[in-house]
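For reference, positions follow the sequence shown, starting with 1.
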Amino acid sequence: MSLQQQIMTAMKSAMKEKDQTALAALRAVKSELLLAQTSGSAEGITEDEEIKILSKLVKQRKDSASIYTEQNRNDLAEPELAQAEIISQFLPAQLSEEDIEKVVVDTIEKVGAEGMKDMGKVMGMVNQQLAGQADGKTISMIVKAKLS
């Protein structure tokens, strides 16, 4: 089943259950996917592009929630986190830090990276390998630790 079909099925069940948080999150996903399809090529969007869109939406919600939390607005942070959790269900399983670290070490060895000047090369390759399976902030933190 395609991602759009999964989203529509989840939207129908959210409507039946009257789950407004899930419905808002799923409508946002559907909207972003439609925008990407209509602005892109005639064939539609690829699975990698779908994962990037979902990752972006999750990141936006987590960033918003952290800002709300800093401002002691938990009433606004909680729905954002709930929506991020709902959208995350459609992403591939996230890797643990140990698994990410293994990929980073392998990539550093392949590239022959010797310091922070090679961080861009390593980040590019690792991000390609782990698309949708790890967030960029975690990858960046591990790459910095290994290269410094």
Among the clusters formed by ILVMFWY side chains lying less than 4.5 Å apart, do [X] and [Y] turn up in the same one?
X: Met11; Y: Phe90; value: yes
X: Met8; Y: Leu57; value: yes
X: Ile86; Y: Ile51; value: yes
X: Met141; Y: Leu147; value: no
X: Met116; Y: Val126; value: yes

Note, [X] side chain near [Y] side chain (heavy atom, < 4.5 Å):
X: Ser140; Y: Lys144; result: yes
X: Val104; Y: Ile100; result: yes
X: Ile87; Y: Arg61; result: yes
X: Leu54; Y: Leu3; result: yes

Compare every heavy atom of [Y] with every heavy atom of [X], then report the nearest pair and how far apart it is.
X: Pro79; Y: Thr21; answer: O-CG2, 4.0 Å
X: Leu26; Y: Ile7; answer: O-CG2, 3.8 Å
X: Ala84; Y: Val58; answer: O-CG2, 3.8 Å
X: Ala14; Y: Ala22; answer: CB-CB, 4.0 Å
X: Ala24; Y: Gln83; answer: CB-NE2, 3.6 Å
X: Ser13; Y: Ala10; answer: OG-O, 2.9 Å

Heavy atoms of other groups near [X] [atom1], more than 12 under 6.0 Å:
X: Lys117; atom1: NZ; result: yes
X: Glu85; atom1: CD; result: no
X: Glu47; atom1: CD; result: no
X: Glu49; atom1: CD; result: yes

Could you grab the distance from atom [atom1] of [X] to atom [atom2] of [Y], nearest 0.5 Å is fine?
X: Met123; Y: Gln128; atom1: CE; atom2: CD; result: 12.0 Å
X: Arg73; Y: Glu80; atom1: CZ; atom2: CD; result: 12.0 Å
X: Ile139; Y: Leu95; atom1: CD1; atom2: CG; result: 8.5 Å
X: Ile45; Y: Thr38; atom1: CD1; atom2: OG1; result: 9.5 Å
X: Thr138; Y: Gln133; atom1: OG1; atom2: CD; result: 13.0 Å
X: Ile108; Y: Asp118; atom1: CD1; atom2: CG; result: 9.5 Å

Look only at the side chain of Glu32 and the backbone of Val29, and say whether a donor-acceptor pair between them is shorter than 3.5 Å.
no
Ion pair check, Lys59 and Asp63, cut-off under 4.0 Å
yes
Taking NZ, NE, NH1 and NH2 as the nitrogens, is one of them in Glu101 or Lys146 under 4.0 Å from a carboxylate oxygen of the other?
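Lys146 and Glu101: salt-bridged.
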Are Gln37 and Gln4 close enough that a side-chain donor and a side-chain acceptor fall under 3.5 Å?
yes
Answer yes if the side chains of Gln129 and Thr107 hold a donor-acceptor pair under 3.5 Å, and no otherwise.
yes
